[in-house]
Amino acid sequence: MWRTELPEALVASSELGKRVMVLSGLLGEATRATVTRFDLTGADFDVLAALRRSGKPYRLKANELSRSLLLSTGGTSNVVNRLVSRGLVEREPDQTDGRSTYVRLTPSGTSLAEEVVIANSKAHDEVLSAVPAELLDRATAALRELSEHLPG
């Protein structure tokens with residue numbers, strides 16, 4: 001018990017941090033199970049979701065994609081290569097900057113992205129199914145407010 005063993009470790013954020021990590025683990029597990037059904041990795045899913053979320057024409061510059069996913073450019077390139085080989089994304093040159101390329105969802109990539117994002121949302125809903133809607137709304141609002149005070 002930390003209260004007797006190391007009471008100085010019990011700061012105001014201790015319980016919040018632990019509960020957020022438990023919830024993150026449950027939601028992450030649901031996401032992994034979902035994306036596996038679509039023969040995707042978590043990184044594949046992140047790229048497809050980021051491109052779909054970007055709006056039409058569902059494309060981002062490769063460096064924007066890396067930054068938005070917090071991946072190295074090499075890591076992003078490996079994921080994009082895998083998705084290109086499956087016909088889910090394609091690279092296209094930036095007509096205004098010869099040094100840049102865009103990564104764009106193909107029509108089949110757009111369909112798959114939509115299908116897996118919806119399936120993932122349903123999986124997260126299942127994880128939280130026992131939580132009353134009003135409590136979920138309050139918790140979401142509280143975490144949104146908390147996020148406004150965080151760095152970055």
Side-chain angles (χ1 to χ4, degrees), residues 11-129 131 133-152:
V11 296
S13 61
S14 295
E15 185 176 1
L16 174 66
K18 180 163 178 138
R19 292 186 187 282
V20 167
M21 288 190 299
V22 167
L23 179 57
S24 176
L26 292 170
L27 294 173
E29 187 177 307
T31 295
R32 281 187 295 283
T34 299
V35 301
T36 299
R37 290 195 334 254
F38 291 90
D39 195 28
L40 297 170
T41 66
D44 296 340
F45 171 68
D46 290 343
V47 167
L48 294 174
L51 292 170
R52 179 58 183 85
R53 183 175 51 246
S54 71
K56 285 188 176 183
Y58 310 128
R59 73 178 190 177
L60 291 169
K61 287 187 177 184
N63 61 350
E64 293 171 332
L65 187 57
S66 294
R67 274 195 308 273
S68 74
L69 300 174
L70 304 175
L71 288 174
S72 68
T73 54
T76 302
S77 184
N78 289 338
V79 175
V80 169
N81 287 342
R82 190 168 49 248
L83 296 173
V84 166
S85 73
R86 289 184 59 185
L88 301 173
V89 302
E90 57 190 16
R91 288 184 174 92
E92 58 184 40
D94 180 348
Q95 300 301 324
T96 62
D97 181 357
R99 300 167 296 166
S100 295
T101 60
Y102 284 99
V103 178
R104 183 175 61 80
L105 286 175
T106 63
S108 61
T110 301
S111 295
L112 180 62
E114 291 171 357
E115 189 177 354
V116 71
V117 165
I118 290 167
N120 191 56
S121 293
K122 288 179 180 177
H124 286 190
D125 246 8
E126 287 177 25
V127 169
L128 298 167
S129 64
V131 179
E134 182 182 305
L135 176 55
L136 191 57
D137 289 344
R138 286 195 328 263
T140 301
L143 288 171
R144 187 179 302 118
E145 184 178 352
L146 180 72
S147 294
E148 293 171 2
H149 298 279
L150 299 176

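Rounded to the nearest 0.5 angstrom, Arg67 CZ and Thr73 OG1 are separated by 11.0 Å. One distance of note links OG1 of Thr34 with CG of Leu40; it measures 10.5 Å at 0.5 Å rounding. To the nearest 0.5 Å, the span separating CG on Leu26 from CG on Leu128 amounts to 8.5 Å. To the nearest 0.5 Å, the span separating CG on Asp97 from OH on Tyr102 amounts to 8.5 Å. The line from CG of Asn63 to OG1 of Thr101 is 8.5 Å long, rounded to the nearest 0.5 Å.
Side-chain N or O atoms of Thr140 include one that pairs as donor or acceptor with a backbone N or O of Leu136 at under 3.5 Å. Panel note: side chain Ser54, backbone Leu51; a donor-acceptor pair is recorded below 3.5 Å. Looking only at distances, no side-chain donor or acceptor of Thr110 sits under 3.5 Å from a matching main-chain atom of Tyr58. Side-chain N or O atoms of Ser77 include none that pairs as donor or acceptor with a backbone N or O of Gly74 at under 3.5 Å.
By the 4.5 Å heavy-atom criterion applied to side chains, His124 and Thr31 are counted as neighbours. Thr76 has its side chain out of reach of Val103: every pair of non-hydrogen atoms, C-beta onward, lies at least 4.5 Å apart. Taking 4.5 Å as the limit, some side-chain heavy atom of Leu143 sits within range of a side-chain heavy atom of Leu146. A heavy-atom distance below 4.5 Å is not found between the side chains of Ser100 and Glu64.
Test Leu48, Leu60, Val47, Leu88 against Leu105 for side-chain contact (heavy atoms from CB on, under 4.5 Å) and you get one pass: Leu48.
Using a cutoff of 4.0 Å between basic side-chain nitrogens and carboxylate oxygens, Arg138 and Glu134 are scored as salt-bridged.
Sorted by first and then second residue, the salt bridge (Lys or Arg N to Asp or Glu O under 4.0 Å) pairs involving residues 43-55 (not counting sequence neighbours) are Asp44-Arg82, Arg52-Glu114.
Contact detail for Ser68 and Ala50: the closest heavy-atom pair is OG-CB, 4.3 Å. Residues Ala30 and Val127 share a closest heavy-atom pair of CB-CG2, 3.8 Å.
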Walk me through whether Asn81 and Arg91 qualify under side-chain contact (heavy atoms from CB on, under 4.5 Å).
CA-CA 9 Å; Asn81 287 342; Arg91 288 184 174 92; 2.8 Å; yes
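Residue-environment remark: CD (Glu29) stays at or below the threshold of 12 foreign heavy atoms within 6.0 Å.
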